[in-house]
Peer 1: 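Structure below; questions to follow.
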Amino acid sequence: MATVQDSAGRYSSSSLPVPQLRQALLGWYAECGRDLPWRQTQDPYAIWISEIMLQQTQVQTVIPYYHRWLEAFPNISTLAQASQQQVLKLWQGLGYYARARNLHTAAQKILSEHDGQFPQGLEAVMDLPGIGRTTAGGILSAAFNQPQPILDGNVKRVLARLYALKQPPQKVVKLLWQLSSNLLDPVAPCEFNQALMDLGATICLPKNPQCPACPWLNYCQAHQQNLVKNIPMTTPSQPIPHKIIGVAVIWNSQNQVLIDRRPADGLLGGLWEFPGGKVEPNETIPACIQREIQEEIGIEIVVGDELIRVDHAYSHFKVTLVVHHCQYLSGDPQPLACEEVRWVTVAELNDYPFPKANEKIITALLAQARGDEHH
DNA sequence: GATACGTGGCC
DNA sequence: TGGCCAAGTAT
């Protein structure tokens, strides 16, 4: 018997037949479940890596990263002993880079505090950086078949529709955890959790859900009330700011360019970039670039031609990078607003982890270098 | 509890 | 093009 909040905000009783729901879902999963790389192992390390990569990231994006990662770092020990730069280079392009930094730190913590063995208690697992309750439940159910519930985006949507919740999922998280826990099959928790996620990922889609193919069609309260299109409820999103950033590709007399490593925490932490900063009101781009380089690197430059403009959307703001070639004049480059600065050749850029927006700058640099050879 | 935190695909 | 969304966590 599950308790579901009704439209008036009161809690009313709902009694979907849990044993039949389990049987229907597991039967569907046996027939239609996805064959994914991390389902072919019970190694908690490999499963852990997949769970972290899959946070806010779709399966098709993760698969190539997953294989490359396990080849480079096949176990906890190899990951713990790698440098953060190696770790970030393998993560380059996946986004949410704190995930990679946390994996690295957690591997070292497992070596020092758990004798190198991945912990099997919920508390100990959630105590590792980057692992919340959903990821902990996912790992423990998949690797050790423990009856731990999960509540990711797929499960939230599936349960919101199954019980026709009239409120946005983020407002009823506690209830959703109860529902996930009540439904979880105690005999086959590993399969059940995977099945729940597959249902959300392949049938109970955000848009154009494939209801006729759903094993829960006859139980789904949203379907019975013709509310599938409206559930889960959403809250309007806030407008996001757009920043104009002046960026410098600074050349020295040895035909090297200057790059800097961002602070370890925060946006794109630990990644390298071409230096620059936000254009202030009534400031020209060249003036911005010259000022930012003086303030953050402590050197004098001459700002030259524009190389490229790069539009890029992050999750909570947008930027336009206006990138100019620059010529080094004088001063000793210092890491005044970053971790480190370094002169490198264009060919060496490939050895450093860069965010996507900077990859576009590098591509433009290489294209221009190729073009120059023909003149 | 709201916000910061990346990127790619879809329409 | 722009907005939405995807196997969430940390603060």
Side-chain angles (χ1 to χ4, degrees), chain A residues 33-34 36-39 47-66 88 91-103 105-106 125-142 148-159 168-174 176-177 180 190 193-202 204-209 232-242 262-271 273 310-320 353-360:
Chain A
R34 293 175 294 179
L36 301 173
W38 40 89
R39 290 182 181 171
I47 290 166
W48 170 38
I49 299 304
S50 76
E51 291 284 343
I52 300 298
M53 288 185 168
L54 287 161
Q55 289 171 359
Q56 300 290 284
T57 309
Q58 296 188 330
V59 164
Q60 291 313 313
T61 303
V62 164
I63 287 175
Y65 282 89
Y66 174 79
L88 287 173
W91 201 270
Q92 177 175 334
L94 248 195
Y96 286 142
Y97 297 92
R99 294 183 293 174
R101 302 193 302 270
N102 284 334
L103 272 175
T105 305
V125 173
M126 288 184 65
D127 213 35
L128 297 170
I131 300 184
R133 184 162 176 201
T134 283
T135 299
I139 296 170
L140 291 174
S141 63
Q148 299 288 356
I150 56 173
L151 189 61
D152 61 9
N154 284 317
V155 178
K156 284 177 183 169
R157 184 173 58 258
V158 168
L159 295 181
Q170 64 266 31
K171 296 288 185 189
V172 289
V173 168
K174 198 170 178 181
L176 286 163
W177 273 109
S180 180
C190 170
N193 280 341
Q194 310 283 355
L196 208 45
M197 288 189 285
D198 275 14
L199 190 66
T202 65
C204 196
L205 303 168
K207 295 168 185 173
N208 303 317
M233 310 280 286
T234 57
T235 49
S237 57
Q238 298 294 320
I240 60 178
H242 186 170
R262 295 176 61 89
D265 293 316
L267 184 72
L268 307 169
L271 298 191
E273 66 179 3
V310 177
D311 286 310
H312 192 77
Y314 294 98
S315 48
H316 53 302
F317 66 94
K318 296 179 180 180
V319 295
T320 298
F354 281 91
K356 274 293 168 187
N358 273 255
E359 283 187 49
K360 297 176 190 170

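Chain A is the first sequence line, chain B the second, and so forth, proteins listed ahead of strands; every chain is numbered from 1. Treat the numbers as computed from the prediction; the structure is a model and nothing was measured.
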Peer 1: If you look at every heavy atom in A/Gln56 and A/Tyr96, which pair is closest and at what distance?
Peer 2: CB-CE1, 3.7 Å

Peer 1: Mind listing the N/O atom pairs, protein and nucleotides 3-5 of chain C, below 3.5 Å?
Peer 2:
residue	atom	partner	partner atom	Å
C/dG3	OP2	A/Lys318	NZ	3.1
C/dC4	OP1	A/Ser237	OG	3.2
C/dC4	OP2	A/Ser237	OG	2.8

Peer 1: Report the distance from atom CH2 of A/Trp91 to atom P of B/dC5, rounded to the nearest whole Å.
Peer 2: 17 Å

Peer 1: So how far is it from A/Ile131 CD1 to A/Ile52 CD1, rounded to the nearest 0.5 Å?
Peer 2: 5.0 Å

Peer 1: If you compare every side-chain N and O of A/Thr135 against the phosphate oxygens of C/dT9 (OP1, OP2), does one of them come in below 4.0 Å?
Peer 2: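 Result: yes.
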
Peer 1: Just to be sure I understand the rule, does A/Gly138 reach a base, reach only the sugar-phosphate, or reach nothing, if contact means heavy atoms closer than 4.0 Å?
Peer 2: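 No contact.
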
Peer 1: Taking only N and O in the side chain of A/His316, is any of them less than 4.0 Å away from OP1 or OP2 of B/dT3?
Peer 2: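 Negative; the distance criterion is not met.
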
Peer 1: In whole angstroms, how far is the P atom of C/dA7 from the CD1 atom of A/Ile63?
Peer 2: 13 Å

Peer 1: Nearest whole angstrom, please: distance from the P of C/dA7 to the CG of A/Leu103.
Peer 2: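 In whole Å, C/dA7 P and A/Leu103 CG are 19 Å from each other.
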
Peer 1: A/Trp48 CH2 to C/dG8 P: how many Å, rounded?
Peer 2: 18 Å

Peer 1: Which atom names give the shortest non-hydrogen contact between A/Glu359 and A/Phe354, and what distance separates them?
Peer 2: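 Smallest heavy-atom distance, with atoms named: OE2-O, 4.0 Å.
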
Peer 1: Mind calculating the distance between OH (A/Tyr96) and P (C/dA6) to the nearest angstrom?
Peer 2: 12 Å

Peer 1: Mind checking A/Leu36 for me? I need base, sugar-phosphate or nothing, with any heavy atom below 4.0 Å counting as a touch.
Peer 2: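 The residue A/Leu36 makes base contact.
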
Peer 1: Determine the Euclidean distance between corresponding P atoms of B/dG6 and C/dT11; express it in Å to zero decimal places.
Peer 2: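 So the two P atoms sit 14 Å from each other.
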
Peer 1: Which part of the nucleic acid does A/Thr134 contact within heavy-atom distance under 4.0 Å: base, sugar-phosphate only, or nothing?
Peer 2: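 It contacts sugar-phosphate atoms only.
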
Peer 1: For a quick check under 3.5 Å, do A/Arg39 and A/Ser50 share a side-chain donor-acceptor pair by atom type?
Peer 2: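 Checked: A/Arg39/A/Ser50 side chains show no N/O donor-acceptor pair below 3.5 Å.
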
Peer 1: Is it true that A/His312 and A/Tyr314 have ring centroids separated by less than 6.0 Å?
Peer 2: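 Here the rings of A/Tyr314 and A/His312 have centres that are less than 6.0 Å from each other.
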
Peer 1: In terms of the nearest nucleotide of DNA chain C, which residue is placed more toward the 5' end: A/Arg39 or A/Pro129?
Peer 2: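 Its nearest nucleotide lies further toward 5', so the answer is A/Arg39.
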
Peer 1: Of A/Gln170 and A/His312, whose nearest nucleotide on DNA chain B comes first from the 5' end?
Peer 2: A/Gln170

Peer 1: Could you give the CD-to-P distance, from A/Gln60 to B/dC10, as a whole number of Å?
Peer 2: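 Checked: the CD to P distance equals 11 Å.
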
Peer 1: Would you kindly check whether a donor in the side chain of A/Thr57 faces an acceptor in the base of B/dG6, or vice versa, at under 3.5 angstrom?
Peer 2: yes

Peer 1: Mind listing the closest non-hydrogen atom pair of A/Pro169 and A/Met233 along with its distance?
Peer 2: CD-O, 3.6 Å

Peer 1: Mind checking if A/Leu94 touches a base, just sugar-phosphate, or nothing, with heavy atoms under 4.0 Å?
Peer 2: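 If one applies the 4.0 Å heavy-atom cut-off, A/Leu94 turns out to touch a base.
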
Peer 1: Indicate whether the side chain of A/Thr134 and that of A/Gln55 have a donor and an acceptor atom separated by less than 3.5 Å.
Peer 2: no

Peer 1: Side chain of A/Asn102: nearest nucleotide among B/dT7, C/dA10, C/dA7?
Peer 2: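 Minimum distance to the A/Asn102 side chain belongs to C/dA10.
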
Peer 1: Any N or O donor-acceptor pair linking the side chain of A/Arg133 to the base of C/dA7 at under 3.5 Å?
Peer 2: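 Side chain to base: no pair present.
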
Peer 1: I'd like to know if A/Asp152 and A/Arg133 make a salt bridge, using a cut-off of under 4.0 Å between side-chain N and carboxylate O.
Peer 2: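 No salt bridge links A/Asp152 with A/Arg133.
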
Peer 1: Measuring centre to centre across the rings, with the benzene-like ring taken for any Trp, is A/Trp91 within less than 6.0 Å of A/Tyr65?
Peer 2: no

Peer 1: Counting only side-chain nitrogens and oxygens, does A/Tyr97 get under 4.0 Å of the OP1 or OP2 atom of B/dT7?
Peer 2: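 For A/Tyr97, the contact criterion (side-chain N or O under 4.0 Å from OP1 or OP2 of B/dT7) is met.
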
Peer 1: Start with the C-alpha gap between A/Asp311 and A/Lys360, add the side-chain angles, then the distance that decides, and say whether salt bridge (charged side-chain N to carboxylate O under 4.0 Å, His left out) holds.
Peer 2: CA-CA 10 Å; A/Asp311 286 310; A/Lys360 297 176 190 170; over 6 Å; no

Peer 1: Identify whether any heavy atom of A/Trp38 sits under 4.0 Å from a base atom; if not, whether one sits that close to sugar-phosphate; answer base, sugar-phosphate or nothing.
Peer 2: base

Peer 1: To the nearest angstrom, how far is A/Ile52 atom CD1 from C/dG8 atom P?
Peer 2: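 Atom-to-atom, A/Ile52 to C/dG8, this comes out as 11 Å.
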
Peer 1: Say we look at C/dA7 and B/dT3: how far apart would their P atoms be, to the nearest angstrom?
Peer 2: 23 Å

Peer 1: What contact category does A/Leu151 fall into here, base, sugar-phosphate, or nothing, at under 4.0 angstrom with non-hydrogen atoms?
Peer 2: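 Nothing, no nucleic acid heavy atom in range.
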
Peer 1: What are the two closest non-hydrogen atoms of A/Ala136 and A/Met126, and how far apart are they?
Peer 2: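 Scanning both residues, the minimum pair turns out to be CB-CG, 3.5 Å.
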
Peer 1: Students often get this wrong, so: under 4.0 angstrom with heavy atoms, is A/Gly93 touching a base, only sugar-phosphate, or nothing?
Peer 2: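 Result for A/Gly93 = sugar-phosphate.
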
Peer 1: Where along residues 353-360 of chain A does a heavy atom fall under 4.0 Å from DNA chain B?
Peer 2: A/Pro355, A/Lys356

Peer 1: How many whole angstroms separate atom CG of A/Leu268 from atom C1' of B/dT7?
Peer 2: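 Computing the A/Leu268:CG to B/dT7:C1' distance gives 11 Å.
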
